[in-house]
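What follows is a short report on a single structure.
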Amino acid sequence: MTHNNGDKNMADMQERALHMLETYFGYTSFRPAQEAPIASLLKDEDVVGIMPTGAGKSICFQIPALCKPGLTIVFSPLISLMKDQVDGLVDQNIPAALINSTLTQREFNKTMYDVRSGRIKILYIAPERLGSNFFCNVLRSLPIAQVIIDEAHCISEWGHDFRPSYRLIGDWLQDLPKRPVVGAFTATATKAVENDIKSLLGLGAANVYVTGFDRPNLSFSVIRTPKRMDYVVDYVRRHNHENGIIYCSTRKDVERVYENLTRAGIQTGYYHAGLSDDMRKDMQNKYAFDQLQVMVATNAFGMGIDKSNVRYVLHYQMPRNMESYYQEAGRAGRDGGKAECILLYSGQDVQVHKYLIEQTVDQSGGDPRSGEQRKLVELRKLQAMIDYCFSSTCLRKYMLSYFGESALWDHCDNCSSCQSRGNVVNVTKEAKAIFRAIIATEERYGASMISAIVRGERTDRIVRAGFDALPVFGYLSDVGETEIKGLIQQFLAAGYLRSSMGKYPVLSITAGAEEVLAGHKEVEEVRQDIVVSSRKSKGASSRSDGRSSKGGGLFEHLRQHRKQLAIEAGIPPYIVFPDTVLIDLANIRPTTLGEFGNIKGVGEAKLKKYGLSFLGAISTYKD
Ligand code: ADP
């Protein structure tokens with residue numbers, strides 16, 4: 001009997017959860033990946049949720065927070081991130097507040113008063129606050145129903161954003177008079193991080209949910225070009241109504257790209273660790289408020305960006321590993337709308353990263369053997385990143401398999417490899433020459449020497465070693481050095497060659513190369529270094545979110561209208577409505593509040609606040 005009652009209670013809760021979703025967020029259903037973590041938290045079962053950026057983690061704990069009696073506490077690592085989330089919730093009439101070091105004593109007292117009187121349902125807290133006994137005692141007296149640890153990878157030294165203050169949370173949870181249900185959420189999936197989250201937060205028995213890493217609304221491209229600056233300026237110009245991020249490896253490059261874009265008349269910001277706190281805050285705010293079209297940044301521009309309408313992320317250089325790339329590129333298209341991730345590759349990137357890996361590992365001290373070990377791990381990760389840049393098979397499939405998932409497709413038609421499938425060139429002759437040169441020199445040399453031999457360069461080293469007498473010497477004398485090195489990278493990526501790790505990597509051949517030499521196999525290269533056209537052409541046909549195009553000028557008109565409303569309300573435009581809602585408005589052109597309210601992502605509070613104003617903007621718009 002109890003069992004049936006339990007089932008009925010659960011069904012009631014789920015209905016209530018759906019009702020909350022519709023009322024506050026304007027969505028009619030949960031995403032499949034959200035259902036299980038929400039059901040667990042509603043049943044008071046702990047959760048570890050590993051979900052990629054944009055999967056909708058926040059709703060997984062915000063909805064249970066609204067359904068449960070009592071308070072939900074959310075730990076979040078960055079003040080800007082917290083503020084963004086709370087602004088968004090308050091704008092949807094969800095009673096939320098935050099406590100961090102920026103509050104005055106008066107604001108703190110007022111917030112605590114509101115919390116105590118039950119007026120606040122969701123309270124965001126910076127974990128540093130747990131260092132104060134006084135504050136911990138205040139928390140102990142509150143009716144805490146649920147504790148959420150957002151960006152939970154910050155607890156782990158293996159993650160990329162370790163925060164020592166996250167370590168305070170575990171003990172604090174144990175000391176509470178009644179342990180609330182706990183949910184930890186992150187986008188970082190490695191096993192080491194997951195284990196740390198479980199052990200340090202006492203979540204050994206939690207339900208773990210891992211969502212697939214595929215982001216169908218993102219297209220991925222690699223462009224191999226020595227003219228990166230021209231490409232970037234041209235691209236940004238062609239996308240002048242869209243927001244983007246350009247990541248560079250060094251501060252110097254950030255400033256160079258920034259200057260070039262500014263000179264081209266583009267509203268550009270820049271961001272790196274060398275700027276003052278105030279300057280960084282100012283840049284971030286301007287970008288959030290759409291006062292800047294593009295942000296050029298090092299990877300210091302990271303977690304604090306919750307901006308959902310980033311339509312492209314360009315990498316001016318190749319990052320050092322796939323983990324960083326996926327995370328940075330993943331900041332595009334968080335609203336589920338189409339977005340582009342483009343990586344610009346040049347051969348120098350590899351040298352720079354190798355140098356940096358040597359430097360950081362050499363200087364980090366400690367046991368030299370573990371230093372060597374780490375260096376090898378880093379170099380292996382770098383090689384996987386290079387392989388991505390040279391892969392002639394589906395880039396999204398490659399990426400998923402790197403993260404331990406298998407794709408259900410061979411060709412996604414939404415990445416540069418799949419889109420240039422028509423552009424196949426037979427390079428068997430070049431491959432054979434390179435493989436023969438490697439064998440003839442007994443697999444003792446790297447790409448530079450092999451390239452010099454097949455190109456017929458009579459250097460001192462080559463003459464002294466007698467390599468100018470080899471039959472393959474000068475066999476590819478009409479091919480440029482960059483091209484040969486590019487081919488070698490591709491043969492590595494395709495598994496015909498292997499490379500040793502370390503300072504002076506040495507090439508060797510695999511069974512695949514032997515098959516080619518025996519004439520059993522042809523080698524093909526997909527030429528990727530074509531300029532990938534803008535989404536409006538090829539990408540648009542493969543839209544995976546089912547939405548149609550942006551409704552042309554009306555979309556832009558609504559974007560300007562949103563900007564105005566945002567300035568008046570003092571919140572970033574994407575908090576008023578994400579781009580996806582504007583796209584639907586431009587296509588559907590509602591004329592009544594009822595029609596407006598049916599649009600995905602329009603909740604009751606927003607309908608009331610902004611509905612009439614947007615209807616007005618639509619009705620006065622002339623095509
Ligand atoms: P994450 O924190 O995982 O990066 P967010 O919580 O920011 O993701 O959500 C990403 C986007 O998806 C937001 O624009 C959010 O409003 C939207 N979203 C979340 N849940 C749903 C849903 N059930 N239906 C439609 N859109 C959703």
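Each ligand, and each atom within it, is numbered from 1 in the order the structure gives.
- Among all non-hydrogen protein atoms, the one lying nearest atom 6 (O) of ligand 1 is Ser58 OG, 2.8 Å.
- Looking only at protein heavy atoms, the nearest one to atom 15 (C) of ligand 1 is Tyr27 OH, 3.7 Å.
- Note: Leu41 CG to Ile63 CD1 = 12.0 Å, rounded to the nearest 0.5 Å.
- Ring geometry for Phe61 against Phe185 counts as tilted: the plane angle lies between 30° and 60°, on a 0 to 90° scale.
- A heavy-atom separation below 4.0 Å is found between Gln34 and ligand 1.
- Under a 4.0 Å heavy-atom criterion, Ala55 is in contact with ligand 1.
- Which parts of ligand 1 touch Ile59 is read off a 4.0 Å heavy-atom cut-off, strictly below it: atoms 19 (C), 20 (N).
- Considering only heavy atoms from C-beta on, Met82 stays 4.5 Å or farther from Thr102 through its side chain.
- Expressed to the nearest 0.5 Å, how far CG of Leu18 lies from CD of Glu35 amounts to 9.0 Å.
- One side chain, Asp91 or Tyr610, offers a donor N or O that lies under 3.5 Å from an acceptor on the other.
- By the 4.0 Å heavy-atom criterion, Cys60 is excluded from the residues contacting ligand 1.
- Defined by atom type and a distance below 3.5 Å, a donor-acceptor pair is present between the side-chain atoms of Ser40 and Tyr209.
- Looking at ligand 1, you won't find any N or O of Asp335 less than 3.5 Å from one of its N or O atoms.
- Ligand 1 is approached by Ser29 to a heavy-atom distance shorter than 4.0 Å.
- Aromatic pair Tyr388/Phe220: centroids not less than 6.0 angstrom apart.
- Between the side chains of Gln564 and Gln560, not a single donor N or O lies within less than 3.5 Å of an accepting N or O.
- The closest protein non-hydrogen atom to atom 7 (O) of ligand 1 is Arg334 NH2, 3.6 Å.
- Proximity annotation for atom 5 (P) of ligand 1: of Gly56, Pro32, Ala33, Pro52, Gly56 comes nearest, heavy atoms only.
- Atom numbering of ligand 1 starts at 1 in the shown order; those under 4.0 Å from a heavy atom of Phe30 are 23 (N).
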